[in-house]
Amino acid sequence: MTPCRPPVRRAPIVSGRSFRVAQALAGVFVATVIAGCAQPVAAQDNWWEGITGFGTPDFSGRRASLERTPPKQDVVNDLRPNEVPWRSDEMLIAMEKAIETYHQIVNSGGWRPIPGNRMLRPGDDDDRVPFLRRRLMATGELPRNANATSHSFDHALEQAVIRYQERNGLRATGRVDQSTLAALNISADERLQQLRLNQGRIMELVQQPPEERYVLVNVPAYQLEAVERFQTVLRHRVIVGRNGRDTPTLKTNIRALNFFPHWRVPDSIARLDVFPLLVKEPEYLDKEKIRVLQGNFNGQELDPRSIDWTQADHNVIKLRQDPGPQNALGLVRIDMANEHGVYMHDTPLKPLFQQRARAFSAGCVRVQDVFELVEWLARYEPGWENPGQVQAVLDMGQPVDVRLTRPVPVYFAYITAWAEPDGRIEFRPDIYRRDGSAMFAEVHDPDAPPIPSGGLAP
């Protein structure tokens, strides 16, 4: 059977904003999925030796006496580097090229898994290093003219591992730890299927009616982009829901900005998080300035010492946190109507943004440098046209609610694979296991920095 080929574009897209192009691409996508592809040829034992730069493996057992280097500090630089939105024809074109690349890899036999489960790190001289070299050559993190048979984990290989980790949303340490090894050993065919799945997700976004301004949160990528006139003008790191408290996929409108908000603790958080905590730490309410109310969030205030927290009923007892720097919502809440009761907001736990994996919340989205986003959201509102108005409100220190006369559309999307216009292909862990394979899920990293303690998690 002749291996299937990705569709050939017959005419270039003149504009990255063309809705008709998205419809045409949708037809191609559906046709490709229905038609299917021929099975890739079996990986041959000597397939890798056919790549330029491969030579005879060294099985002498020789080990270099290089000193093992300590792990590098992970510098988080995970925001996308260009103005192309995820929701764009340019992204769909880049995805087509990525799928074509992975077709070629799959039809050539894919790559071999790296054996064993022991960590590999700079300075090692190990029989498994040639497997690592060949794996990284297959996807371009290591140049094709590199020495594929060397057993030495040298500086060039370390840099290649860092490039791979950054392109896969992993801690960029240069070491092949358990999470990195698990990602490396996902097969080429599984990655191809993941690209196709996410091409469909992006297609659905592009097929939405065009909008002048909107916000898109890519949950597994832990970042937000604000788009105006089809170009990304702001990008922010975000914190999203942890597994079991998933941030939902949705489309709605941002309708208001609440400065110095009260936090009405949701019943689910009160029942699952706060009530059990108060059994062990009753002083937590005073420390966090949380009031106990009867019946509803405007009800009579109760003495928390009179309550048996092991028997507390969230239908009767409500919790409300006073505004201020200790507030779980920070100093501003971005209100958006939706059936899930989620929203975006500031946070007092800003060190969390320095971690690469940021699934820590109870479903809402915390935004780094949120006041830049708030200023952009409000810029067409009367009295908010000039920069500095947000800071003026913060300086006043009093609650202010701004209802937007021009609500801004917002999308919470779930995109775990995409391609950049320069050809770089990116993958992210499938944190909620929506991609259909356990292989894509995030592997626990025992060496990851600890989550800072304190505070609640809306």
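If you read the sequence from its start, that first residue is 1, and numbering goes on from there.
In plain terms, the two heavy atoms of A419 and A98 that are nearest each other are CB-CB, 3.8 Å. The shortest non-hydrogen separation linking T247 to Y432 is N-OH, 3.0 Å. When all heavy atoms of N82 and P421 are compared, the closest pair comes out as ND2-CD, 3.7 Å. Summarising the geometry of V265 relative to F297, their closest heavy-atom pair is O-CZ, 3.5 Å, with the distance given to 0.1 Å. For the residue pair Q199 and M95, the shortest heavy atom distance occurs at N-CE, 3.5 Å. Listed here is the closest heavy atom pair of L181 and N117: CD2-CA, 3.8 Å.
D430 and Y414 share a side-chain donor-acceptor pair at under 3.5 Å. A donor-acceptor contact under 3.5 angstrom links the side chains of T416 and D435, judged on distance only.
The existence of a salt bridge linking E211 and K251 is confirmed by a sub-4.0 Å separation between a basic side-chain nitrogen and an acidic carboxylate oxygen. Taking the charged nitrogens against the carboxylate oxygens, R121 and D177 have no contact shorter than 4.0 Å, which rules out a salt bridge. Salt bridge D78/R428: absent, no basic N to carboxylate O contact under 4.0 Å. Residues R424 and D422 are paired through a salt bridge, judged by an N-O separation under 4.0 Å between the basic side chain and the carboxylate. Salt-bridge annotation for E385 and R379: absent, with no side-chain N of the basic residue lying under 4.0 Å from a carboxylate O of the acidic one. A salt bridge links D335 with R333: at least one charged nitrogen is closer than 4.0 Å to a carboxylate oxygen. Salt-bridge check for D124 with R118: failed, with every basic side-chain N at 4.0 Å or more from each acidic carboxylate O. The pair K287-E281 meets the salt-bridge criterion, with a side-chain N (NZ, NE, NH1 or NH2) lying under 4.0 Å from an Asp/Glu carboxylate O.
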### Message
For a side-chain contact (heavy atoms from CB on, under 4.5 Å) check, start with the C-alpha distance between N168 and F427, then their side-chain angles and the critical distance, and finish with the verdict.
### Response
CA-CA 5 Å; N168 286 264; F427 296 95; 3.5 Å; yes
### Query
What's the verdict on side-chain contact (heavy atoms from CB on, under 4.5 Å) for V342 and L250, showing C-alpha distance, side-chain angles and the deciding distance?
CA-CA 10 Å; V342 297; L250 58 80; 3.8 Å; yes
### Task
Could you give me the CA-CA distance, side-chain angles and deciding distance for L349 and I239, then say whether side-chain contact (heavy atoms from CB on, under 4.5 Å) is met?
CA-CA 10 Å; L349 297 178; I239 293 166; over 6 Å; no
### Query
Yes or no on side-chain hydrogen bond (donor to acceptor under 3.5 Å, both in side chains) for Q194 and N198, after CA distance, side-chain angles and deciding distance?
CA-CA 6 Å; Q194 191 178 15; N198 284 277; 5.8 Å; no
#### Entry: Full working for side-chain hydrogen bond (donor to acceptor under 3.5 Å, both in side chains) between R167 and T139
CA-CA 11 Å; R167 294 174 186 180; T139 46; over 6 Å; no
### Task
Output, in order, the C-alpha distance, side-chain angles, deciding distance and verdict of side-chain contact (heavy atoms from CB on, under 4.5 Å) for D273 and R245.
CA-CA 12 Å; D273 299 326; R245 306 281 187 93; 3.2 Å; yes
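Checking side-chain atoms of E158 against main-chain N and O of F153 turns up no donor-acceptor pair under 3.5 Å. Looking at R87, its side chain does come within 3.5 Å of a backbone N or O of L205 through a donor-acceptor pair. Although no hydrogens or angles enter the test, the distance criterion places a donor-acceptor pair under 3.5 Å between the side chain of E225 and the main chain of W86. Listed for the Y164 side chain is a donor-acceptor partner under 3.5 Å among the backbone atoms of L184. Side-chain atoms of E288 do not come within 3.5 Å of backbone N or O of Q321 as any donor-acceptor pair. At distances below 3.5 Å, at least one donor-acceptor pair connects side-chain atoms of D308 with backbone N or O atoms of T310. The backbone N or O of A378 sits nowhere less than 3.5 Å from a side-chain atom of E381 that would complete a donor-acceptor pair. A donor-acceptor pair is defined here as one N or O able to donate and one able to accept, closer than 3.5 Å; such a pair exists between the side chain of S361 and the backbone of V240. Judged by distance alone, the side chain of D401 and the main-chain N or O of A256 form no donor-acceptor pair under 3.5 Å. A donor-acceptor contact shorter than 3.5 Å is absent between the side chain of N253 and the backbone of R255.
Between L373 atom CG and I254 atom CD1 the span is 6.5 Å, to the nearest 0.5 Å. Note: L272 CG to D267 CG = 10.5 Å, rounded to the nearest 0.5 Å. With values rounded to the nearest 0.5 angstrom, R291 atom CZ is found 12.5 Å from L319 atom CG. In this structure, the separation between CG on L224 and CG on L234 is 8.5 Å, given to the nearest 0.5 Å. In this structure, CG in L394 is found 10.0 Å from CD in Q389, a value given to the nearest 0.5 Å. Put simply, CD1 on I202 and CG on L195 are 9.0 Å apart, with the number rounded to the nearest 0.5 Å.
Under the 4.5 Å side-chain criterion, counting only non-hydrogen atoms from C-beta, V215 is in contact with L377. Here the side chains of V374 and V367 are not in contact, with every heavy-atom distance at 4.5 Å or above. Taking the side chain as every heavy atom from C-beta outward, W376 and V408 approach each other to under 4.5 Å. When side chains are defined from C-beta on, L192 counts as touching I99, because their heavy atoms get closer than 4.5 Å. Put simply, the side chain of W263 reaches to within 4.5 Å of the side chain of I269, judged on heavy atoms. In this structure, W309 and L285 have side chains that are in contact, with non-hydrogen atoms separated by less than 4.5 Å. By the 4.5 Å heavy-atom criterion applied to side chains, V217 and M344 are counted as neighbours. R237 places none of its side-chain heavy atoms less than 4.5 Å from the side chain of Q223.
Summarising the local packing, NZ of K289 is surrounded by 12 or fewer heavy atoms from other residues, nucleotides or ligands at distances under 6.0 Å. For Q300, the CD atom sits in a loose shell: 12 or fewer heavy atoms of surrounding residues, nucleotides or ligands are nearer than 6.0 Å.
A cation-pi contact, defined as under 6.0 Å to the ring centre and within 45° of the axis, is absent between R191 and W111. A cation-pi arrangement is not found for R201 relative to W418, the charged atom failing to lie both closer than 6.0 Å to the ring centre and inside a 45° cone about the ring normal.
Ring geometry for W384 against F259 counts as parallel: the plane angle stays under 30°, on a 0 to 90° scale with 60° as the upper cut.
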